[in-house]
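What follows is a set of notes on a single structure, which appears directly below.
All values reported here derive from a predicted model rather than from experimental measurement. Residue numbering restarts at 1 for every chain, and letters A, B, ... go by the order of the sequence lines.
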Amino acid sequence: MSAAEKNLGVGSPGAGLAAARPADGAGRPDAGASRPSAGAPAGGVSALAAEGLTLSWDGEALVTEGIDLAVMPGEVCCLVGRSGCGKTTILHALAGLTTPVSGRVLLHGEDVTGCPGRVSYMLQKDLLLPSRRIIDNVCLPLVLGGMRRAEARAKAEPLFERFGLAGCELKWPSELSGGMRQRAAFLRTYLMGADVTLLDEPFSALDALTRVDVRRWFVGVARELGLSALVITHDVDEAVSMASRVYVLAGAPSAGEPSHVAGEVVVRRADDAPGGFELTDEFLAAKREVMSLLG
Amino acid sequence: MSAPEASELGGGARPRPARRGARARSAAPSRARRVLTPLVAVVALLAVWEAVVDLGLVPNFLLPTPVQVVTALVEDAALLASHSVTTLAEAAAGLVVGVVLGFAFAVLMDRFETFYLAFEPLMTISQTIPTVAIAPLLVLWLGYGALPKVVLVVVSTFFPITVSLASGFRSVDPDVIDLMRTMNASRWQIFWYAKLPAAADQFFSGLKISATYAIVGAVIAEWLGGNAGLGVYMTRVRKSFSYDRMFASIIIISVLSLALMKLVELVQRALMPWKRAERNSNER
Ligand SMILES: Nc1ncnc2c1ncn2[C@@H]1O[C@H](COP(=O)(O)OP(=O)(O)O)[C@@H](O)[C@H]1O
Ligand SMILES: [Mg+2]
């Protein structure tokens, strides 16, 4: 059992965690005031939704066409697809970093198309700044938001143990192992403080054993804090073992065939199954369905 | 140790660090050897030089012996010191102005694409212009005072500084900028947190080169006319055929350049504390 998991099991640090987050939903529009969005499962307004997203980097060659997807509040969804099919491109658009050719991005029903800074986004690489100590790296979102450095450090410090980074506060990024850098990137993403989190292949830089640990740990944190998350992966097992729904992306943009959502697989989760969810028939059924959609 | 770290070390990777460590130990010479070997080489070279002149293989009026050079250095110490101060002051003034202007120019090139496109080729070409060649012009235009010296130093340091900074700013990972945009970072914050540190390495390399250019630039401008400075001293002792004092001034110039480079290195170490950690983890 990893240090991160151990920390997760004991007590109820969730309240402390939530208090440390800078802007928990503050300033967000009232969910009830907005219209329902496309792609959302029945009932309630989605935390995050894409409506007919057609994306392109150069304005000509389309990468994706008419992407509809939705993440309900408190839900972890996965987006799977082959390498190069446009997963990162979609996340960039959802994060507001690019403006779609057509379509909209809705955050709690509010149109945020092309507005960066409204969701927590963890990019494919850990992107720790080599010139800042770990604590200042994870504090970056707070400091950029105008908080004084001492205050930001005081907010972040108690979280280091929870994120399996105890003792690393004053280290430089180059002194950390891959797994620890990844957790530091998680902590930084967490301190961005939005209630919707986008993660781009967050576990791919880790070796197989570490990956399983960090993933379990992440799912635990997400559930405990009620985070809504959209997680990219190209690993079907990983997707099925963490998501409540898996969106399957298919297409080959580099061959002039824009990607589309080939289907959505609802995973019937049975996390308390003996031997773990990964050994159940439900897991296999969902996996088979995702594989067939991938083609 | 928690499971993630344990698994990173495990799985067949364990024997490798040991082997790498062994190879590193046998490859790296000891500290004493690293210091003593070049020292012995220099002493041997000086001994050969001394012998060649003492044995009359090269006439002494053309080539002074090391002992004569050191004697000249000691005899003229006060004079050399006062000329050095002049040269150093010109070099420092030119370097400071060159760095400030280069910084401003690089920031403009980073901020405005048009500015970059307009001046990038010019910057590259300017690297090939020998500053020695424009020194006579500067003396013609600006006279025998300190001004042409400082201007020559500015001209010869401005370009390496600008080029190293401009390419340093561009070296920042675009994903880092995207990440910072998702954190609502302002343009200034992106510059301060991402671009400036990314450029620091190249900037200091450029600054080190500029520091040596600065001393040499000042001396060359002094050769062409002036009242004080090591270049003026050199032209005077050349006219009186005192080659021992000529060599003495060359030594001073080299020492000043080295000292300035060392100073840049110290500043770099103080301003980039993360470099040491990176070097350590690379060696591991
Ligand atoms: N920053 C970028 N600029 C231009 N084209 C890009 C960029 N990032 C990705 N692409 C292109 O978009 C397509 C989809 O890439 P990407 O979204 O990174 O795929 P995935 O994340 O699924 O591996 C590819 O053809 C890729 O070449
Ligand atoms: Mg990708």
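- Heavy atoms closer than 4.5 Å to chain A are found in both the backbone and the side chain of B:Asp175.
- If you measure heavy-atom distances from A:Val143 to chain B, the contacts under 4.5 Å come from both the backbone and the side chain.
- Looking at A:Arg211, there are no atoms closer than 4.5 Å to chain B (heavy atoms on both sides), in backbone or side chain.
- For the set B:Val176, B:Asp173, B:Leu179, the count of heavy-atom pairs under 4.5 angstrom toward chain A peaks at B:Leu179.
- A cation-pi arrangement is present between B:Arg170 and B:Tyr116 under the rule of less than 6.0 angstrom and at most 45 degrees off the ring axis.
- A:Lys125 touches chain B through its side chain: at least one heavy atom from C-beta onward sits under 4.5 Å away, while N, CA, C and O do not.
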Legend entry - Residues A:Glu224, A:Arg162; criterion salt bridge (Lys or Arg N to Asp or Glu O under 4.0 Å); working and verdict: CA-CA 12 Å; A:Glu224 186 182 300; A:Arg162 268 304 297 290; 3.5 Å; yes
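- There is no side-chain donor-acceptor pair under 3.5 Å between A:Thr233 and A:Glu201.
- For A:Leu127, the parts sitting under 4.5 Å from any heavy atom of chain B are the backbone and the side chain alike.
- Residue A:Arg133: no heavy atom, backbone or side chain, is found under 4.5 Å from chain B.
- Among all heavy-atom pairs drawn from A:Leu53 and A:Thr64, the shortest one is O-OG1, 3.4 Å.
- Neither the backbone nor the side chain of B:Trp188 comes within contact range of chain A; no heavy atom of the residue lies under 4.5 Å from a heavy atom of that chain.
- Using cut-offs of 30° and 60° for the angle between ring planes, the B:Phe103 and B:Phe169 rings count as perpendicular.
- Side chains of A:Ser174 and B:Trp274: no donor on one and acceptor on the other come within 3.5 Å.
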